[in-house]
Peer 1: 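What follows is a structure written as structure tokens; I'll ask about it next.
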Amino acid sequence: MQIKYITPQSNWQNRLEQQGFGYHTDENNLPYWIEEYYYSISEDLADEVYAATADLWQMCLEAVDHVIANKLYDQFQIPLFFHEHIERSWENDELSIYGRFDFVYDTVHQQLKVLEFNADTPTSLYETGVVQWQWMNTYFGSSKDQFNSVHDRLIETWTEAKAHMKGTTLHFSCMRETLEDLTNIEYLRDCAIQAGIQTKLIYIDDIGWDGETFTDLEDEVITDIFKLYPWEWLIYEPFALHIPNDMAEAQWIEPSWKMILSNKAILPILWKLYPNHPLLLEAYFDDPHGMQNFVKKPLLSREGANVTLYINNQIVEATKGDYGDEGYICQALANLPNEGKGYFIIGSWLIGQEPCGITFRESDKRITTDKSRFVPHIIE
């Protein structure tokens, strides 16, 4: 892996905005999208990420089965009223479309290590599947390649999913206020339309309840709904109490069993099931168990909030936020690489249970946050 530079177009921001990518720069005029350099990776590394993603996915499925079979919901802070819904979604093999593993390439062990699994509401999908692909075509034409079949795989997966829908309309939902969420949900929806699925957009706060079923603003019963809204938020919404009692038994995508994988509690579970596995970092609930160099993460932390990094048992870096009351895990500190522009992690996408693309996120500090930069890549 190494950084390589290009000469960016003078109007590259306009090009991105014409593609529908309106958040390439943040409110402080700091870049989220990096145009002028990229990560050059080998085909061997791409193959390694593919294999690691496939292996971890199988391990995660085994871990979900273990959690459900042993009813370990309390370790995940999942409320009692939702246990049966999770079990039903698992037993019925309800539709799961995507997820993203975040890896670090440990520079000491020369080995990929998984940091966490964004299994429920991963974003940066549009940047991966469309923006970085078009960036490559803009500067390199067809002379280069990426580890990136995200777009095609999304359409294929929605095509396969169509036969498993309960109704004829697939609703897509997110919060009203977030441009990033809306861009990602509309991209997912567009791929579903290309797969021949009839769709509707409804914001989370517009979902209705008629006493028996969930409905949209036109009083159509919701039978299938893709939500870019975390389960750990959704189950505390006032209408969440109706989800287990929904007469239509609406199919929520991602399914509620993904609540197990999107929780940091899955990391010590994986370590217990697969001790010393080369893809895993040592991890425990609450206590570091003698580790001197480790990261303390809230179970439900998002975008790096409330994460504390320890070296020699001393705090060297920490972030603020609103998480932590739900409990913590402690995970061994990985040796984050830095090629001179910042510390980076590799996001690996799984769509329709198949690894299909990667992202690079880069940060000035070792904790990846919502301010971390997106850097495109090329296989060379």
Side-chain angles (χ1 to χ4, degrees), residues 3-39 100 102-104 115-116 118 120-136 138-139 146 148 150 174-188 203-204 228-230 233 297-298 300-309 317-323 336-347 349 357-377:
I3 289 174
K4 292 189 177 180
Y5 291 83
I6 61 168
T7 301
Q9 294 176 330
S10 59
N11 64 340
W12 63 267
Q13 293 94 338
N14 291 337
R15 187 190 80 245
L16 296 185
E17 288 161 14
Q18 288 170 6
Q19 294 169 6
F21 185 38
Y23 49 96
H24 52 74
T25 307
D26 73 10
E27 64 278 5
N28 298 314
N29 207 32
L30 295 173
Y32 164 63
W33 169 266
I34 297 298
E35 180 85 1
E36 68 272 16
Y37 63 86
Y38 64 93
Y39 281 93
R100 191 192 74 234
D102 284 342
F103 289 103
V104 58
L115 296 173
E116 58 191 54
N118 299 275
D120 183 21
T121 57
T123 51
S124 78
L125 186 66
Y126 183 68
E127 297 92 294
T128 307
V130 175
V131 181
Q132 74 165 344
W133 184 261
Q134 293 182 347
W135 170 91
M136 179 182 69
T138 297
Y139 291 104
Q146 289 175 347
N148 190 1
V150 163
C174 67
M175 291 188 295
R176 192 183 301 273
E177 305 85 0
T178 308
L179 177 61
E180 180 180 5
D181 287 2
L182 183 60
T183 301
N184 277 268
I185 203 80
E186 286 287 50
Y187 174 49
L188 283 154
Y203 293 110
I204 287 289
L228 194 62
Y229 192 75
W233 296 356
K297 301 178 178 180
L300 301 175
S301 171
R302 305 179 67 81
E303 298 179 329
N306 300 101
V307 172
T308 307
L309 192 152
E317 193 173 319
T319 55
K320 297 179 180 179
D322 300 322
Y323 301 93
L336 268 71
N338 187 328
E339 292 297 317
K341 301 298 289 186
Y343 298 98
F344 68 87
I345 63 172
I346 302 170
W349 288 94
I358 62 173
T359 69
F360 280 83
R361 293 291 302 278
E362 187 181 75
S363 309
D364 294 332
K365 296 185 177 181
R366 280 173 283 201
I367 299 173
T368 303
T369 69
D370 59 345
K371 300 300 182 184
S372 299
R373 301 176 289 276
F374 188 108
V375 187
H377 77 278

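By convention here, the first residue in the shown sequence is residue 1. Computed from a predicted model, the values in this text were never measured in an experiment.
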Peer 1: Within a strict 4.5 Å, meaning less than it, do heavy atoms of the Tyr139 and Pro8 side chains meet?
Peer 2: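 They are in contact (side-chain heavy atoms under 4.5 Å apart), so the answer is yes.
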Peer 1: List the atom of Asn118, the atom of Asp102, and the distance in Å for their closest heavy-atom pair.
Peer 2: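 So the minimum-distance heavy-atom pair works out to ND2-OD2, 2.9 Å.
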Peer 1: Judged by atom type as modelled, is there a donor-acceptor pair below 3.5 Å linking the side chain of Arg361 to the main-chain atoms of Thr369?
Peer 2: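 Looks like yes, one N/O pair under 3.5 Å.
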Peer 1: Can you tell me how far the OG1 atom of Thr308 sits from the CD1 atom of Ile367, to the nearest 0.5 Å?
Peer 2: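 Reported value, rounded in 0.5 Å steps: 7.0 Å.
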Peer 1: So, taking the atom named CG in Asp181 and the one named CG in Leu228, what distance separates them when rounded to the nearest 0.5 Å?
Peer 2: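 With rounding to 0.5 Å, CG (Asp181) is 4.5 Å from CG (Leu228).
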Peer 1: With rounding to the nearest 0.5 angstrom, report the CD to CD1 distance, Glu36 to Ile6.
Peer 2: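 So the gap between those two atoms works out to 8.0 Å.
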Peer 1: Side-chain contact test, heavy atoms from C-beta onward, threshold under 4.5 Å: evaluate it for Glu180 versus Glu127 and give yes or no.
Peer 2: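 SC-SC contact between Glu180 and Glu127 confirmed.
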Peer 1: Do Trp233 and Leu300 come within less than 4.5 Å of each other through their side chains, counting heavy atoms only?
Peer 2: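 SC-SC contact between Trp233 and Leu300 ruled out.
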Peer 1: I'd like to check Leu125 versus Leu188 (side-chain heavy atoms, cut-off strictly below 4.5 Å). Are they in contact?
Peer 2: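 Yes. Closest side-chain heavy atoms under 4.5 Å.
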Peer 1: Just verifying a value: how many Å separate Ile345 CD1 and Thr359 OG1, rounded to the nearest 0.5 Å?
Peer 2: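 If we round to the nearest 0.5 Å, Ile345:CD1 and Thr359:OG1 are 7.0 Å apart.
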Peer 1: List the atom of Tyr32, the atom of Ser372, and the distance in Å for their closest heavy-atom pair.
Peer 2: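 So the minimum-distance heavy-atom pair works out to CD1-O, 3.3 Å.
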Peer 1: Can you measure from CD (Gln9) to CH2 (Trp135) and round to the nearest 0.5 angstrom?
Peer 2: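 One gets 11.5 Å once the value is rounded to the nearest 0.5 Å.
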Peer 1: Do Tyr343 and Thr368 pass the side-chain contact (heavy atoms from CB on, under 4.5 Å) test, and can you show the C-alpha distance, the side-chain angles, and the key distance before you say yes or no?
Peer 2: CA-CA 9 Å; Tyr343 298 98; Thr368 303; over 6 Å; no
Peer 1: Might you point out which heavy atoms bring Gln132 and Trp33 nearest each other, and give the distance in Å?
Peer 2: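 Result for this residue pair: CA-CH2, 3.5 Å.
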Peer 1: Can you sort out the partners of Phe21 under ring-ring contact (aromatic ring centres under 6.0 Å, His included), two or more places apart, ordered by chain and number?
Peer 2: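 Checked Phe21 against ring-ring contact (aromatic ring centres under 6.0 Å, His included); matches are Tyr23.
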Peer 1: Just wondering, do Gln19 and Tyr126 contact through their side chains at under 4.5 Å, heavy atoms?
Peer 2: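 In short, these two side chains touch, coming nearer than 4.5 Å.
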Peer 1: Please check this pair: side chain of Asn306 against backbone of Asp322, looking for a donor-acceptor N/O pair closer than 3.5 Å.
Peer 2: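 Checking the backbone N and O of Asp322 against the side chain of Asn306, a donor-acceptor pair under 3.5 Å is found.
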Peer 1: Between the side chains of Arg302 and Thr121, does any donor sit under 3.5 Å from an acceptor?
Peer 2: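 A pair is found: one side chain offers a donor N or O, the other an acceptor, under 3.5 Å apart.
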Peer 1: Taking only Lys NZ, Arg NE, NH1 and NH2, and the carboxylate oxygens of Asp or Glu, determine whether Lys320 and Glu303 approach each other closer than 4.0 Å.
Peer 2: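 No.
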Peer 1: Please name all residues satisfying side chain to side chain contact (heavy atoms under 4.5 Å, CB included) with Thr25, sequence neighbours left out, ordered by chain then number.
Peer 2: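 With sequence neighbours excluded, Thr25 shows a side chain to side chain contact (heavy atoms under 4.5 Å, CB included) to Asn29, given in chain and number order.
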Peer 1: Less than 4.5 Å apart, any side-chain heavy atom of Tyr323 and any of Val307?
Peer 2: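 No, too far: nothing below the 4.5 Å cut-off.
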Peer 1: For a quick test of reading the model, state the closest non-hydrogen atom pair linking Lys341 to Ile3 and the distance between them.
Peer 2: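 So the two residues come closest at CG-CD1, 3.0 Å.
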Peer 1: Looking at every heavy atom in both Pro122 and Arg100, which two are closest together, and how far apart are they?
Peer 2: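 The answer is CB-NH1, 3.9 Å.
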Peer 1: Are the side chain of Asp26 and the backbone of Asn28 linked by a donor-acceptor contact shorter than 3.5 Å?
Peer 2: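 Flag set: sc Asp26 to bb Asn28 pair under 3.5 Å.
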Peer 1: Compare every heavy atom of Ser124 with every heavy atom of Trp349, then report the nearest pair and how far apart it is.
Peer 2: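 Looks like CZ2-OG, 3.6 Å.
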Peer 1: Go through Arg373 and Asp364 one step at a time and tell me if the side-chain contact (heavy atoms from CB on, under 4.5 Å) criterion holds.
Peer 2: CA-CA 9 Å; Arg373 301 176 289 276; Asp364 294 332; 3.1 Å; yes
Peer 1: Should we say atom CG of Asp370 is surrounded by more than 12 heavy atoms from elsewhere, each under 6.0 Å from it?
Peer 2: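 Atom CG in Asp370 is crowded, with more than 12 foreign heavy atoms closer than 6.0 Å.
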Peer 1: I want to check something: taking the side chain as every heavy atom from C-beta on, are Lys297 and Leu115 in contact at a cut-off of under 4.5 Å?
Peer 2: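 Heavy-atom side-chain distance check passes, below 4.5 Å.
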Peer 1: Return the set of residues passing ring-ring contact (aromatic ring centres under 6.0 Å, His included) with Phe344 (not counting sequence neighbours), or none when no residue passes.
Peer 2: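 Partners of Phe344 by the ring-ring contact (aromatic ring centres under 6.0 Å, His included) criterion, ordered by chain and then number, come out as Tyr39, Phe360.
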Peer 1: State, yes or no, whether a side-chain contact exists between Glu35 and His24 at a heavy-atom distance under 4.5 Å.
Peer 2: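 No, too far: nothing below the 4.5 Å cut-off.
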Peer 1: Can a donor-acceptor pair be found, under 3.5 Å and without considering hydrogens, that links the side chain of Gln146 to the backbone of His377?
Peer 2: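 The answer is yes, because a donor-acceptor pair under 3.5 Å joins these two groups.
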Peer 1: About how many Å separate OH of Tyr203 and CD1 of Ile185, when rounded to the nearest 0.5 Å?
Peer 2: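 Answer for the CD1-OH pair, Ile185 versus Tyr203, is 10.5 Å.
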